[in-house]
Amino acid sequence: MNPRPVLFVVAHGSRDPRHAATVHALVRRVRALRPGLRVETGFLDFNSPSAPEVLESLDAEGVRDVIALPLLLTRAFHAKSDVPAVLRAAPSRLRIRQAAVLGPSPLLLTALDQRLYEAGLTPADKSSTGVVLASAGSTDPEAIAVIAEIAREWRHTGWCAVRPAFASASLPRTEDAVRELRDLGVRRVAVAPYVIAPGFLPDRIARGAAEADVTAQVLGPAPEVARLLVQRYDEACAETCTGARAVGRVARVPVLA
């Protein structure tokens with residue numbers, strides 16, 4: 001029987017030490033969910049080990065099958081360019097499949113709800129609370145459209161209103177979305193960061209949330225996020241069994257909505 005592919009979590013990386021600490025906490029939760037599954041973590045920038053270093057190490061150990069899972073919420077530049085480039089440059093003996101990014105997913109909406117409840121809201125507050133879904137931002141139209149669609153879908157779960165906002169590259173900014181909800185007469189305004197880990201852009205979101213009534217924490221090692229990583233791994237393994245389109249030595253799993 002062939003061993004299960006190694007789950008290789010590819011994180012963005014940050015100069016902020018909280019970023020790597022949060023990523024490692026999430027990976028520990030994934031390991032607890034799936035005992036016996038080998039899970040490794042590499043970073044695209046700033047933190048160690050780098051993604052190429054992890055792949056070289058796996059190859060040197062004799063590992064052959066790897067599921068590379070981008071720790072990203074949308075299919076923007078990093079998922080479409082940076083991660084595939086790293087995987088294509090990996091040792092040729094590795095059979096690597098790039099899994100889908102994490103979002104969108106109902107599990108992420110549940111995690112966002114839970115972060116808002118942890119910040120002081122209750123399910124009974126939904127009908128009187130407007131929420132700003134604050135993401136890092138992107139110049140990629142596909143990513144922007146996905147965030148807007150997530151905001152519309154989340155609104156249908158009972159929140160008074162949901163507005164998307166972006167910390168960079170796109171508009172509106174978090175503070176602008178907060179003011180828009182105020183101008184609409186929304187009684188209570190909350191900000192929910194749609195980001196995995198702390199860092200420069202999440203801090204900008206927090207500053208933009210200064211006029212909100214409630215600001216949630218980043219998604220971080222939420223149980224729902226850990227479950228989603230395992231789900232994306234299983235989906236990629238299933239694609240491996242059925243056969244998916246390969247690009248070079250890296251087979252990309254289609255984005256799963």
Side-chain angles (χ1 to χ4, degrees), residues 11-23 26 45-46 71-78 101-104 108-122 125-126 128-155 157-222 225:
H12 183 280
S14 171
R15 292 186 178 91
D16 189 322
R18 296 173 299 167
H19 178 92
T22 301
V23 170
L26 175 58
D45 208 353
F46 302 117
L71 195 61
L72 302 168
L73 295 174
T74 60
R75 254 181 57 81
F77 182 78
H78 294 301
V101 297
L102 298 181
L108 292 174
L109 295 183
T110 300
L112 288 166
D113 280 341
Q114 292 302 316
R115 286 295 188 239
L116 287 170
Y117 300 154
E118 290 166 7
L121 296 178
T122 70
D125 294 321
K126 277 192 166 187
S128 60
T129 302
V131 182
V132 176
L133 179 69
S135 71
S138 173
T139 58
D140 188 304
E142 178 186 345
I144 299 303
V146 167
I147 297 298
E149 179 58 33
I150 291 169
R152 286 191 289 270
E153 181 179 348
W154 201 20
R155 162 71 180 81
T157 67
W159 295 104
C160 172
V162 179
R163 294 290 186 273
F166 308 93
S168 69
S170 309
L171 295 174
R173 295 286 184 258
T174 303
E175 54 268 34
D176 297 327
V178 169
R179 290 176 190 133
E180 179 190 352
L181 290 172
R182 293 278 189 220
D183 291 343
L184 289 173
V186 174
R187 194 171 88 190
R188 185 188 296 106
V189 177
V191 173
Y194 190 63
V195 292
I196 296 291
F200 177 76
L201 292 179
D203 282 351
R204 181 180 287 178
I205 289 171
R207 290 193 297 273
E211 296 180 14
D213 300 294
V214 175
T215 302
Q217 295 296 312
V218 300
L219 292 167
V225 179

Q: If every non-hydrogen atom of Val195 is compared with every non-hydrogen atom of Pro202, which pair is closest and at what distance?
A: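 Closest approach of Val195 to Pro202: CG2-CG, 3.9 Å.
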Q: Kindly compute the distance separating CG (Asp45) from NE2 (His19), expressed to the nearest 0.5 Å.
A: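 Taking CG in Asp45 and NE2 in His19, the distance rounds to 10.0 Å.
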Q: Can you name the closest pair of heavy atoms from Gly220 and Thr22 and give their distance?
A: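 Where Gly220 meets Thr22 most closely, the heavy atoms are CA-CG2, 3.5 Å.
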Q: Take atom CD of Gln217 as the centre, draw a 6.0 Å sphere, and report whether it contains more than 12 heavy atoms from other residues, nucleotides or ligands.
A: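 No, CD of Gln217 has 12 or fewer neighbouring heavy atoms, counting only those of other groups under 6.0 Å.
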Q: Less than 4.0 angstrom from a charged side-chain N to a carboxylate O is my criterion; do Arg163 and Asp176 meet it?
A: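 Not counted as a salt bridge, because no side-chain N and carboxylate O are separated by less than 4.0 Å.
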Q: Under the side chain to side chain contact (heavy atoms under 4.5 Å, CB included) criterion, do Val131 and Leu112 qualify, and how do the steps go?
A: CA-CA 10 Å; Val131 182; Leu112 288 166; over 6 Å; no
Q: Assess the side chains of Trp159 and Asp113: does a donor N or O sit below 3.5 Å from an acceptor N or O?
A: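 A pair is found: one side chain offers a donor N or O, the other an acceptor, under 3.5 Å apart.
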Q: Taking side chain to side chain donor-acceptor pair (under 3.5 Å) as the test, write out the residues that go with Glu118, two or more places apart.
A: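 By the side chain to side chain donor-acceptor pair (under 3.5 Å) rule, Glu118 matches Arg115.
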Q: Which heavy atom in Gly130 sits nearest to a heavy atom in Val186, and how many Å separate them?
A: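 Scanning both residues, the minimum pair turns out to be N-CG1, 3.3 Å.
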Q: If you take all heavy atoms of Ala111 and Ala222, which pair is closest and at what distance?
A: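 Result for this residue pair: CB-CB, 4.3 Å.
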Q: Roughly how far, to the nearest 0.5 Å, is the CD1 atom of Ile147 from the OG atom of Ser138?
A: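 If I round to the nearest 0.5 Å, the distance is 9.0 Å.
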Q: List the steps, then state whether side chain to side chain contact (heavy atoms under 4.5 Å, CB included) holds for Ile150 with Tyr194.
A: CA-CA 10 Å; Ile150 291 169; Tyr194 190 63; 3.3 Å; yes
Q: For Thr129, enumerate each residue passing the side chain to side chain donor-acceptor pair (under 3.5 Å) test, keeping only those at least two apart in sequence or located in another chain.
A: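 So Thr129 forms a side chain to side chain donor-acceptor pair (under 3.5 Å) with Arg188.
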Q: Check Gly103 against Leu108 and note the closest heavy-atom contact, atom names and distance.
A: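 Closest pair (atom of Gly103, atom of Leu108, distance): CA-CD1, 3.7 Å.
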Q: Working to the nearest 0.5 angstrom, can you tell me the gap between Ser135 OG and Ile144 CD1?
A: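 Reported value, rounded in 0.5 Å steps: 6.0 Å.
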Q: Treating Arg204 as the side-chain partner and Ala167 as the backbone partner, does any N or O pair qualify as donor plus acceptor under 3.5 Å?
A: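 Present.
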Q: Once you round to the nearest 0.5 Å, how far does NE2 of His12 lie from CZ of Phe46?
A: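 If I round to the nearest 0.5 Å, the distance is 7.0 Å.
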Q: Name the residue from Val146, Val225, Val101, Leu219 that meets the side chain to side chain contact (heavy atoms under 4.5 Å, CB included) definition with Leu73.
A: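 So the option named by the test is Leu219.
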Q: For a salt bridge (Lys or Arg N to Asp or Glu O under 4.0 Å) check, start with the C-alpha distance between Arg182 and Glu211, then their side-chain angles and the critical distance, and finish with the verdict.
A: CA-CA 10 Å; Arg182 293 278 189 220; Glu211 296 180 14; 5.8 Å; no
Q: Roughly how far, to the nearest 0.5 Å, is the CZ atom of Arg155 from the NZ atom of Lys126?
A: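 Nearest 0.5 Å value for the NZ-CZ distance: 10.5 Å.
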Q: Quick test of your reading: applying side chain to side chain donor-acceptor pair (under 3.5 Å), list the pairs with at least one residue in residues 164-174, sequence neighbours left out, ordered by first then second residue.
A: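 Pairs touching residues 164-174 that pass the test: none.
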Q: Could you go through Asp125 and Arg187, starting from their C-alpha distance and side-chain angles, then the distance that decides it, and tell me whether this counts as salt bridge (Lys or Arg N to Asp or Glu O under 4.0 Å)?
A: CA-CA 10 Å; Asp125 294 321; Arg187 194 171 88 190; 5.7 Å; no
Q: Taking the side chain as every heavy atom from C-beta outward, state whether Trp154 and Leu133 have any pair of such atoms under 4.5 Å apart.
A: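 Sidechains of Leu133 and Trp154: in contact.
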Q: Rounded to the nearest 0.5 Å, what separates atom OG in Ser14 from atom CG in Leu201?
A: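 Answer for the OG-CG pair, Ser14 versus Leu201, is 9.0 Å.
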Q: Are the side chains of Val191 and Ile205 in touch, meaning some heavy atoms are under 4.5 Å apart?
A: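 The answer is yes, as the side chains (C-beta and beyond) meet within the 4.5 Å cut-off.
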Q: As a quick check of understanding, evaluate side chain to side chain contact (heavy atoms under 4.5 Å, CB included) for Val162 and Arg152, giving each step before the final call.
A: CA-CA 7 Å; Val162 179; Arg152 286 191 289 270; over 6 Å; no
Q: Indicate the atoms forming the closest heavy-atom contact of Ala165 with Val132, along with that distance.
A: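 Result for this residue pair: CB-CG1, 3.6 Å.
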